[in-house]
Structures are given as structure tokens and as C-alpha cells.
Amino acid sequence: MQIHKVKKAFVKFRCRSCHTRDEIPTNLPQFVPLPFDSFKFFRFPIFIVLKAFVLYFKAVSLRSIRDSLNIKVSHVAIYKWILKLSCFFSILVPVDAFKVHGDETVVLFKSKKYYVWFLVDHETNLIVAWHVSKYRDMGQVKILLEKFFGNNERTIELITDGLGAYGAVKILYKNINHIVVRLGQNNQCESKFSLFQDFVRAKRGFKNIDNLPMYVNSFCVVRNLLKLNGNDIARVMSVLLSSITTS
């Protein structure tokens with residue numbers, strides 16, 4: 001796919017061979033610049049590396065990814081690709097998200113608990129913010145919401161379960177209408193956490209807990225792109241590649 005037209009609200013891509021066209025909203029992707037020097041040490045074309053990256057965050061094992069690529073490469077090399085790419089892509093944030101769901105889940109590492117927090121847009125079911133912490137208190141809720149708002153604070157509706165830490169919302173934010181639902185009724189977030197837990201189980205945990213934020217960020221990026229592109233891995237790879245070539 002190559003850039004065909006650039007409009008104010010979207011960028012239109014066109015396939016060079018079959019002339020198929022696709023539109024990507026310009027108010028969603030927010031990728032950090034990715035210099036080409038970052039890829040000079042890869043022995044394989046970037047589209048192969050990107051395919052491994054997307055499959056990894058679809059909870060496919062490293063050895064299964066290696067077998068699907070049909071190239072001579074070790075699963076350790078693929079793991080290094082994942083670590084390298086995970087530093088470069090930023091989460092997609094809908095600017096018109098006014099109703100979001102918040103929830104958290106536990107990740108165990110050497111018998112210690114770490115908490116992963118998500119905010120999920122009600123309309124698009126996209127993950128709009130995430131946070132990783134050692135604690136589950138009001139301070140972590142504040143950090144999560146600050147990541148979501150950024151410099152664009154607006155009136156929103158926040159749906160959560162009965163966790164007491166969300167009491168910070170009424171104290172700190174006058175622009176948030178906080179709605180509490182029963183445990184197990186926060187389906188938007190819980191469905192994302194089910195996918196995340198599947199990913200964690202497929203990886204059999206984490207070898208280095210310092211990499212957890214990087215994993216969570218890339219998981220959010222890939223899951224959002226899969227949602228936007230109908231689970232079409234080729235189209236997701238095209239979007240990621242376009243973000244690299246246009247940086």
C-alpha cells in the first residue's frame with residue numbers, strides 16, 4: 001500500500017498492484033518517529049519482522065511464528081525483534097471518546113502482584129489508555145486518567161466496577177460522570193482483559209518484569225489496529241509499515 005491522497009480527516013492508501021484503496025483516520029494514529037537506522041541490523045525484510053510482531057501480540061508462540069515465516073531464524077531472534085519494535089509504536093487514541101470503561105487486572109511475577117489498567121472506549125471498543133503499577137490505589141487511577149486526557153480535558157462518562165480507588169474521580173475531576181456497575185458487568189474492559197490474559201498465558205508469564213509496560217503498550221497498539229482493520233493482519237502490517245516509511 002502507498003499513500004494516494006492526504007486529507008484533513010484521513011489518509012487514503014492504494015495498493016500498487018491491485019489498486020485496492022483503504023482509508024485511515026488521521027486523528028487516530030500517533031506514532032513516534034522511527035529512524036531507518038533502527039532496522040539496519042535486521043537480516044530479513046521489515047514486512048517479515050512486522051508480521052512476527054503482529055502475530056506475537058495475537059498470542060501466537062515464538063516457535064509457531066518461526067514456523068509460519070518459512071525462513072531460517074531462531075525463536076530467540078524473533079523475540080529480539082519484538083523487544084526492538086515494541087519501543088517505537090504508540091497507542092491509538094480516539095479524540096472523540098466521551099464514554100469510557102475502566103478496569104484493572106493482576107499479573108503475577110515471582111509471587112508479586114502487578115496491576116494493568118485499561119480505559120476502553122464504549123463506542124469503538126478501542127483501548128484509549130493503559131497503565132502498569134505495583135499498587136491499586138487512587139494515585140494509579142489519577143495517572144491512568146491523565147494519560148487519557150493529556151492536554152485535551154473534556155467532560156466524559158466513566159464506567160467502572162466497585163473498586164474503591166475510583167473514589168478519586170469524584171474528588172479530583174469535576175468533568176467526569178462516574179457510573180459504578182456490578183462486578184462482572186463491565187464487559188468492554190473485561191473482554192480486553194480476557195485477550196490480555198490469553199496473551200500472558202501463551203507467553204507463560206514474563207522473564208523480565210521491566211518489559212511489562214512495553215508488552216502492554218504493543219498489545220494495545222496491535223489490538224486496536226486489528227479492531228480497526230477487521231482482524232486483517234496484512235492491513236495491520238500496512239498501517240505499521242506506513243507509519244515507519246512516513247516518519
Side-chain angles (χ1 to χ4, degrees), residues 30-32 57 83 86-197 199-200 203 205-224:
Q30 296 183 1
F31 298 105
V32 298
F57 290 100
L83 292 180
S86 293
C87 302
F88 294 118
F89 299 117
S90 299
I91 191 174
L92 306 177
V93 181
V95 296
D96 56 349
F98 296 101
K99 183 177 181 180
V100 296
H101 297 251
D103 205 355
E104 78 292 331
T105 191
V106 178
V107 174
L108 292 175
F109 181 76
K110 296 182 178 179
S111 300
K112 293 183 179 179
K113 291 183 178 181
Y114 295 83
Y115 298 95
V116 178
W117 307 71
F118 282 165
L119 284 182
V120 179
D121 180 35
H122 178 79
E123 297 297 330
T124 62
N125 204 25
L126 298 177
I127 304 171
V128 296
W130 62 270
H131 177 50
V132 176
S133 67
K134 293 183 180 179
Y135 309 102
R136 189 168 58 170
D137 54 28
M138 291 185 177
Q140 312 310 317
V141 173
K142 183 175 183 293
I143 294 173
L144 178 67
L145 290 171
E146 286 177 348
K147 286 185 175 182
F148 168 66
F149 283 123
N151 297 321
N152 186 24
E153 192 164 316
R154 55 199 181 278
T155 301
I156 67 166
E157 186 175 284
L158 174 63
I159 302 171
T160 70
D161 55 23
L163 181 67
Y166 289 106
V169 173
K170 292 184 178 179
I171 299 173
L172 300 175
Y173 298 93
K174 304 299 182 183
N175 60 320
I176 297 180
N177 177 25
H178 184 205
I179 299 175
V180 179
V181 297
R182 291 183 300 171
L183 190 65
Q185 299 297 315
N186 198 2
N187 296 329
Q188 299 285 102
C189 258
E190 289 163 2
S191 63
K192 294 299 182 184
F193 280 130
S194 294
L195 294 172
F196 182 73
Q197 293 291 0
F199 166 73
V200 173
K203 306 312 170 190
F206 301 100
K207 296 179 181 179
N208 186 349
I209 198 61
D210 293 336
N211 291 334
L212 179 57
M214 182 174 59
Y215 285 126
V216 174
N217 180 74
S218 296
F219 172 85
C220 294
V221 169
V222 171
R223 282 297 167 182
N224 280 2

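Count residues from 1 along the sequence.
Ring geometry for Tyr215 against Phe57 counts as tilted: the plane angle lies between 30° and 60°, on a 0 to 90° scale. Aromatic ring pairs are classed by plane angle as parallel below 30°, tilted from 30° to 60° and perpendicular above 60°; the pair Phe196 and Phe199 is tilted. In this pair, Phe118 and Phe219 present their aromatic rings parallel. The plane angle is below 30°, not in the 30 to 60° band.
Side chain of Asp121 to main chain of Leu126: no donor-acceptor pair is present (N/O by atom type, distance under 3.5 Å, no hydrogens or angles). Checking side-chain atoms of Lys147 against main-chain N and O of Trp130 turns up a donor-acceptor pair under 3.5 Å. Checked by atom type and distance alone, the side chain of Asn217 pairs as donor or acceptor with a backbone atom of Phe89 at under 3.5 Å. When atom types are taken as modelled, the side chain of Lys192 and the backbone of Asn125 share a donor-acceptor pair closer than 3.5 angstrom. Between the side chain of Asp137 and the backbone N or O of Gln140, at least one donor-acceptor pair lies under 3.5 Å.
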### Task
For side-chain contact (heavy atoms from CB on, under 4.5 Å), just list the numbers for Ile156 and Phe148, CA-CA rounded to whole Å, side-chain angles, deciding distance to a tenth of an Å, and then say yes or no.
CA-CA 11 Å; Ile156 67 166; Phe148 168 66; 3.8 Å; yes

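Annotation: the span from Tyr114 atom OH to Leu212 atom CG amounts to 9.0 Å, rounded to 0.5 Å. Rounded to the nearest 0.5 Å, atoms CG (Leu195) and CD1 (Ile127) are 8.0 Å apart. Between the CG atom in Leu119 and the CG atom in Leu144 there is a gap of 4.0 Å [rounded to 0.5 Å]. How far OH of Tyr173 is from CG of Leu145: 5.0 Å, rounded to the nearest 0.5 Å. Annotation: the span from Leu158 atom CG to Tyr166 atom OH amounts to 7.0 Å, rounded to 0.5 Å. Remark: Glu190 CD to His101 NE2 distance equals 10.0 Å, nearest 0.5 Å.
Between Val141 and Leu163, the closest side-chain pair of non-hydrogen atoms is not below 4.5 Å. Looking at Val116 and Glu104, their side chains never come closer than 4.5 Å, going by heavy atoms from C-beta outward. At least one side-chain heavy atom of Phe149 sits less than 4.5 Å from a side-chain heavy atom of Asn175. In this structure, the side chains of Val128 and Asn224 stay at 4.5 Å or more apart for every pair of heavy atoms. Between Thr105 and Tyr115 the shortest side-chain heavy-atom distance does not fall below 4.5 Å.
Around the CD atom of Glu146, the shell of radius 6.0 Å holds more than 12 heavy atoms that belong to other residues, nucleotides or ligands. Within a 6.0 Å sphere centred on CZ of Phe109, heavy atoms belonging to other residues, nucleotides or ligands number more than 12.
Among all heavy-atom pairs drawn from Arg136 and Ala165, the shortest one is O-CB, 4.0 Å.
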